[in-house]
Protein chains: 2
Amino acid sequence: MLEFAVLGLLADAPMHGYELRKRLGGLLGGLRAFSYGSLYPTLRRMQAAGWITETGSGVAPPTSGLRPKRARVVYQLTAQGKEHFADLLADASPPSWADDRFDVHLAFFARTSAEVRLRILQGRRRRVADRRDGMRASLGRARERLDRYTRELAEHGLESADREVRWLDELIAGEQADTSSEAARPAMGPQPQPHHP
Amino acid sequence: MLEFAVLGLLADAPMHGYELRKRLGGLLGGLRAFSYGSLYPTLRRMQAAGWITETGSGVAPPTSGLRPKRARVVYQLTAQGKEHFADLLADASPPSWADDRFDVHLAFFARTSAEVRLRILQGRRRRVADRRDGMRASLGRARERLDRYTRELAEHGLESADREVRWLDELIAGEQADTSSEAARPAMGPQPQPHHP
DNA sequence: GTCATGTTATATCGAAACGATACGTGAACA
DNA sequence: TGTTCACGTATCGTTTCGATATAACATGAC
């Protein structure tokens, strides 16, 4: 996932590691940090894969005359890197609904086709709703014999999942409104979701 | 963290891996799964550390007469394991406020002293509130030039953090109510929290 | 009857991410 | 002058993940 995020950030502009790290923090509104321990190995992996290259260029560090021992390393996307990023953007397969991948992709939704956006939102919705239902069921079964804290935890988790489902419903509704206005189709209510393929 | 959770589960009753895995799923009301790829290595680590031992006993698998090639491996806590678990339960240092550790500890709060419970809840509250404030600040700064999806993501994240803070406040209020009724002290309003030590 | 499917159960693999920390430069400020 | 802070690259060992292999047995369909 870090890989996905890095591709997306470098698609905007070449950058060095420290800058990437700072922006990664902002990407999800502060969720998910990504430490240097992940970042630098990832950059090397991506370089080995041919998705990014170092460029010696980049604005020289604000050194007054003296060049520092270790210069900034600025990375930029290669053609293959752009291609790979495009592939990731277009991927709406089940793994893209995972917790850690979904929000990264969402951060690049503006660059994702409407069709893929909708499929991912729906897939994600199904996944979170399933989890929520599982939580609700096991909480219903167990509620009596749970101590206060375990029950609080379970209930808070359940509410969070529930909130996420409603949030996704709003996003989906937004997508469908866009689509139907584009296609000049009459507005339609939420489609009943077929469950488990 | 898996280690903490396993200690807590085995403190209740000896168990084999598969059973542990199922219960781990329920621990946080369905949040955080813990795959086998984590579990079995962890069990071996813990065994090497002397916190758990295998017991050949355990109810025989429902084999009618024939013993299976590979018997169940039932694990139980050693004395050192119990000690280590007690240490973890009593630990209210900053790492215990981390996302992945807090909820595991919360699941065992019934076995944690009131004093430690309060310190952890307060530490956690401070951490989440700080993150929330950071989110709010960067969202305020950036809101205009964010595309719809990035903004939705940031706003949803912010609301989640906000909800968690309020939830923690309720838990803390509950703790303080308990404490003050025990000590027969007059009820007092929420203490203003000193910020950053 | 036997054949697909599902559950119980143990286990390993490589890849990915983490937290802490080291090292170094320069600016700000007390 | 010294100390603290922001910038910047980097590595270490540890933990966790996801996918997958293997195998015994149970259930129900055909």
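These numbers come from the heavy atoms of this one structure, side chains and all, not from hydrogens, waters or symmetry mates. First the proteins, then the strands, lettered A, B, ... as listed; each starts at 1.
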> Taking 4.0 angstrom as the limit, do A/Arg111 and A/Asp12 come out as a salt bridge?
Replying inline: yes
> What nucleotide, of D/dT11, C/dT10, D/dC17, holds the atom closest to the side chain of B/Tyr18?
Replying inline: C/dT10
For residues 34-41 of chain A, run the donor-acceptor check on the side chains, cut-off 3.5 Å, and write out each pair with its distance to 0.1 Å, sequence neighbours left out.
| residue | atom | partner | partner atom | Å |
| --- | --- | --- | --- | --- |
| A/Ser35 | OG | A/Gly37 | N | 3.4 |
| A/Ser35 | OG | A/Ser38 | OG | 3.3 |

> Choosing from D/dT16, C/dA16, C/dT10, which nucleotide comes nearest the side chain of B/Leu2?
Replying inline: D/dT16
>> Measure CG/B/Leu20 against P/C/dT10 and give the value in whole Å, please.
In response: 9 Å
> Which part of the nucleic acid, if any, lies within contact of A/Phe34, taking any heavy atom under 4.0 Å across all strands shown: a base, the sugar-phosphate backbone alone, or nothing?
Replying inline: sugar-phosphate
> Nearest-Å distance, CG (A/Asp100) to P (D/dG18)?
Replying inline: 7 Å
> Counting any heavy atom closer than 4.0 Å, what does B/Gly17 reach on the DNA or RNA strands: base, sugar-phosphate only, or nothing?
Replying inline: sugar-phosphate
> For the pair made of CE in B/Met46 and C1' in D/dT16, what is the distance, rounded to whole Å?
Replying inline: 15 Å
>> Please determine whether ring pair (Phe, Tyr, Trp, His ring centres under 6.0 Å) holds for the pair B/His105 and B/Phe4, giving the CA-CA distance in whole Å, both sets of side-chain angles, and the decisive distance to 0.1 Å.
In response: CA-CA 8 Å; B/His105 199 151; B/Phe4 195 172; 5.2 Å; yes
>> Go nucleotide by nucleotide along DNA chain C from the 5' end; which of B/Ser38 and A/Pro41 gets its closest nucleotide reached first?
In response: B/Ser38
>> Any base atoms under 4.0 Å from A/Arg44, or only sugar-phosphate, or nothing? Heavy atoms, all strands.
In response: sugar-phosphate
> Just checking A/Leu39: base, sugar-phosphate only, or nothing, at a heavy-atom cut-off of under 4.0 Å?
Replying inline: nothing
>> Side-chain N or O of A/Arg45 versus OP1/OP2 of C/dA15: is the shortest distance under 4.0 Å?
In response: no
> Within this structure, what is the CZ-to-P distance between A/Arg21 and C/dA17, rounded to whole angstrom?
Replying inline: 14 Å
> Once you round it to whole Å, what is the distance between C1' of D/dG18 and CE of A/Met1?
Replying inline: 12 Å
>> Please determine whether a side-chain nitrogen of the Lys or Arg among B/Asp162 and B/Arg166 lies less than 4.0 Å from a carboxylate oxygen of the Asp or Glu.
In response: yes
> Between A/Tyr36 (OH) and D/dC12 (P), how many Å, whole number?
Replying inline: 18 Å
> Are B/Asp103 and B/Arg32 close enough for a salt bridge, meaning some N to O gap below 4.0 Å?
Replying inline: yes
>> On DNA chain C, compare the nucleotides closest to B/Pro95 and B/His16; which residue's is nearer the 5' end?
In response: B/His16
> Nearest-Å distance, CZ (B/Phe4) to P (D/dT15)?
Replying inline: 15 Å
>> Expressed as a whole number of angstroms, how long is the span from A/Tyr40:OH to D/dG8:P?
In response: 9 Å
> Of all the nucleotides listed (C/dT8, D/dT9, C/dA11), which has the minimum atom distance to the side chain of B/Lys22?
Replying inline: C/dT8
> Which of these nucleotides, D/dA10, D/dG8, D/dG18, is closest to any side-chain atom of B/Ser35?
Replying inline: D/dG18
